[in-house]
Amino acid sequence: MRRQSLTVARIRLLVVAMMFGAVALAAVMRIGFLGLADRSVVTETLSEALLPPRGEITDRNGQPLARAFPAFALWYNPAALNGGSPLVKTPQEVARELVAIFPDMDESEVAAKLASGRAGYLRRRVLPEEANKVLAIGELALEMPKENSRHYPQGSMGAHVLGYVGANGHGHVGMEEVLDKRLLDPAQRGKPVALSVDARVQGALEDELNRGMRAVDAKGAAGIVLDVDTGEVLALASLPEFNPNKIDQAGVDNMFNRVTNQVYELGSTFKPITVASAIDAGVVRDFGKQYDASPIKVGRFTIKDSHAMGATLNVPETLIHSSNTVSARIADELGSERLRQTMIDLGMNERPFIELPARGFPIWPGKKWPRLRTMTVGFGHGIAVTPLHLASAYAALVNGGIWRPATLYKVEPGHAVRGRRVFKASTSSRMRQLLRMIAVYGTGRNANAPGFRVGGKTGSAEKPGAHGYRKTAVVSTFASAFPMDRPRYVVIAMLDEPKGTTASSFQRTAAWNAAPIVGRLVPRIGPMLGINPDNTRDVDLSDLAPLVPKTGGSE
């Protein structure tokens, strides 16, 4: 019996041991299965773990413009209590406490989401201190999952350059979209991408454009600061702006980029291009030659000036007073083929050259220009381009005659694109004189910042409508460069449908609203860019100044 009892005990011990072995084997198999098959477990190297989930974007000086950082989200999980009511308090009470933490939330909308019983996000990008306040409410259904978020330290500044990162983790609209693969690539995302933008210049441009837009109650504004020798964009702004940290319906409505995607008839800012083309072709040689300034009748159309400027005008007077009639006569004498080729060489027959995905196609007159079209293009009508087209063209006007594509990437010294010659160096030298004269004597005087030798041309063009040009809707532009004795930067300021207000002496033209923006901006950004005011230097105007009386024009 003793042996029998011992045998039974051994059998029982063996069974128990086998059961424990089976449980242990099952546990090991489960662990192995989870290790091999569970998608929540990701194998990565230490170096990968230390990399940001998305690369950083900086300005040309290393100032962060876009970076990834760990954040919290506010998630509503009705199943958190495993049955019964998902909330201890009423939805209205919880919504009230959430709005106290997040004042921009809509209390009734939050209460409706909580009452619906459906899981979902209540808020993204929650700061740690805000997360602690949410947890203090004491509702288990309000969960705070940790996730990576894209943050734009400068807020709305440079939004049209940067774009934003959507909920899917991919970039949209601006350089976030262009650089999406690069910023997500583990082999590259550890190194920041430096743009050509200077955050200081960008902030100043947006500030002055916003001030100018509000002063004349314009519906929008656009501006750009461009390096004339490299094509680098130091600043690019389109107003109204949006905040990439918070994409709402207002932000979506304001994402349209007026600098690169909207085409306009930019009016009299084209007149220097016409004159430069005529100088280059030998059509204009004598700057003192008097041209007939009377109205021109072509078929059933009449080209005339905004006001009487005298019976005749020479070339400097034509630009200073902004004469349509003389500009049209110079274009007519130049001929459609030569003027058209100049526009093609300046890239005005295709989308603007820049890395951004949104680039507007110009309204281009086609292959054969009739006489009237050539004359109207000569003073900036009948062709519609973006402000960026205009900026690149003005860079070629003043930098010695070389056109280069614009770029948002920082260009290292000596690595600028070679570009193509559009104007002779001698023509560019003459244009620097003429553009400076406009700021000294003519319609650009409100942009003539002391010591910075600004030169440029105003343009005020009526916007086309369903039944011809709309007399009440104007696009006003000032296209400029500084310092004109050694041009470094082009500055474009444009206002869309400005009104005549007390700030503009009840005028809607660029001389009174766009030019003053440049006049305030240049002294702000000049010292930042290494250009200090110097009243002892200027462009030599001694050979042209005697040709013009020192009076201004109207644009």
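Because only heavy atoms are used, hydrogens play no part in the values below, and waters and symmetry mates are left out as well, while side chains stay in.
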Between the side chain of Ser392 and the main-chain N/O of His389, is any donor-acceptor distance below 3.5 Å? no

Given side chains that start at C-beta, do those of Met343 and Ile273 come closer than 4.5 Å, heavy atoms only? yes

Supply the atom-to-atom distance Leu547 CG to Gln290 CD, rounded to the nearest 0.5 angstrom. 8.5 Å

Begin with the C-alpha distance, continue with both residues' side-chain angles, and end with the deciding distance and a verdict on salt bridge (charged side-chain N to carboxylate O under 4.0 Å, His left out) for Arg488 and Asp227. CA-CA 6 Å; Arg488 292 279 308 281; Asp227 188 308; 5.4 Å; no

Over all heavy atoms of both residues, which pair between Pro487 and Arg432 is shortest? Give the atoms and the distance, please. CG-CD, 3.3 Å

Take Gln341 and Asp345 through the test side chain to side chain donor-acceptor pair (under 3.5 Å) and record every step on the way to the result. CA-CA 6 Å; Gln341 189 58 51; Asp345 291 342; 2.9 Å; yes

Side chains of Thr407 and Glu355: donor-acceptor distance under 3.5 Å anywhere? yes

Lys368 NZ: over 12 foreign heavy atoms closer than 6.0 Å: no

Show the nearest heavy-atom pair for residues Ala281 and Leu334, with the distance to one decimal. CB-CD1, 3.8 Å

Decide whether a cation-pi geometry holds between Arg436 and Tyr441; the criteria are a distance under 6.0 Å from NZ or CZ to the six-membered ring centre and an angle within 45° of the ring axis. no

Between atom CZ of Phe478 and atom CE of Met494, what is the distance when rounded to the nearest 0.5 Å? 15.5 Å

Check this for me: does any side-chain nitrogen of one of Arg430 and Asp280 sit under 4.0 Å from a carboxylate oxygen of the other? no

Taking C-beta and beyond as the side chain, do Tyr489 and Leu234 meet within less than 4.5 Å on heavy atoms? yes

Can you name the closest pair of heavy atoms from Met437 and Pro316 and give their distance? CE-CB, 4.2 Å

What one should report as the nearest heavy-atom pair of Thr386 and Asn261 is CG2-N, 4.3 Å

How about NZ on Lys304, more than 12 heavy atoms from neighbouring residues, nucleotides or ligands closer than 6.0 Å, or not? no

For side-chain contact (heavy atoms from CB on, under 4.5 Å), just list the numbers for Ile525 and Val225, CA-CA rounded to whole Å, side-chain angles, deciding distance to a tenth of an Å, and then say yes or no. CA-CA 10 Å; Ile525 67 175; Val225 179; 4.2 Å; yes

Ser460 versus Val475: any side-chain heavy-atom pair under 4.5 Å? no

Between Arg60 (side chain) and Ser196 (backbone), is there a donor-acceptor pair under 3.5 Å? yes

Can you tell whether the side chains of Asp534 and Arg453 come within less than 4.0 Å, N to carboxylate O? no

So, the side chain of Asn324 versus the backbone of Ser306: is there a donor-acceptor pair under 3.5 Å, distance only? no

Would you say the ring centers of Phe242 and His160 fall short of 6.0 Å from each other? yes

Determine, stepwise, if the pair Lys271 / Ser268 fulfils side chain to side chain donor-acceptor pair (under 3.5 Å). CA-CA 5 Å; Lys271 290 171 183 173; Ser268 298; 2.9 Å; yes

If I take atom NZ from residue Lys457 and atom OH from residue Tyr394, how far apart are they, to the nearest 0.5 angstrom? 7.0 Å

Could you give me the CA-CA distance, side-chain angles and deciding distance for Glu177 and His172, then say whether side chain to side chain donor-acceptor pair (under 3.5 Å) is met? CA-CA 5 Å; Glu177 179 177 332; His172 299 275; 5.3 Å; no

When rounded to the nearest 0.5 Å, the distance separating OG of Ser238 from CG of Asp496 is 9.5 Å

So does Glu241 get a backbone contact from the side chain of Asn254, meaning a donor-acceptor N/O pair under 3.5 Å? yes

Rounded at 0.5 Å granularity, tell me how far OG1 in Thr269 sits from CD1 in Ile492. 7.5 Å

Between Glu232 and Thr230, a side-chain donor and acceptor under 3.5 Å: yes

Atom pair OG1/CG of Thr477 and Leu390 - distance to nearest 0.5 Å: 7.0 Å

Is the closest side-chain donor-acceptor distance between Gln249 and Asp253 under 3.5 Å? yes

Please answer whether the main-chain N or O of Arg211 pairs with a side-chain N or O of Arg214 as donor and acceptor at a distance below 3.5 Å. no

Between Arg508 and Glu497, is there a salt bridge with N-O shorter than 4.0 Å? no

Are Val548 and Asn314 packed together at the side-chain level, in the sense that at least one heavy-atom pair is separated by less than 4.5 angstrom? yes

Would the distance check show the side chain of Arg404 and the main-chain N or O of Asp229 forming a donor-acceptor pair, the cut-off being under 3.5 Å? yes

May I ask you to check whether over 12 heavy atoms, not counting those of Arg470, lie within 6.0 Å of atom CZ? yes

Please check this pair: side chain of Arg359 against backbone of Pro352, looking for a donor-acceptor N/O pair closer than 3.5 Å. yes

Please check this pair: side chain of Asp485 against backbone of Asp538, looking for a donor-acceptor N/O pair closer than 3.5 Å. no

Check whether the side chains of Glu265 and Tyr469 place a donor and an acceptor atom closer than 3.5 Å, and report yes or no. yes

Side-chain donor/acceptor of Thr274 to backbone N/O of Gly378, under 3.5 Å: yes

Would you find a donor on one side and an acceptor on the other, under 3.5 Å apart, between the side chain of Ser480 and the backbone of Val491? yes

Residue pair Asp198, Gln63: steps toward the side chain to side chain donor-acceptor pair (under 3.5 Å) verdict: CA-CA 9 Å; Asp198 187 315; Gln63 180 75 21; over 6 Å; no

Can you name the closest pair of heavy atoms from Pro450 and Asn535 and give their distance? C-OD1, 3.9 Å

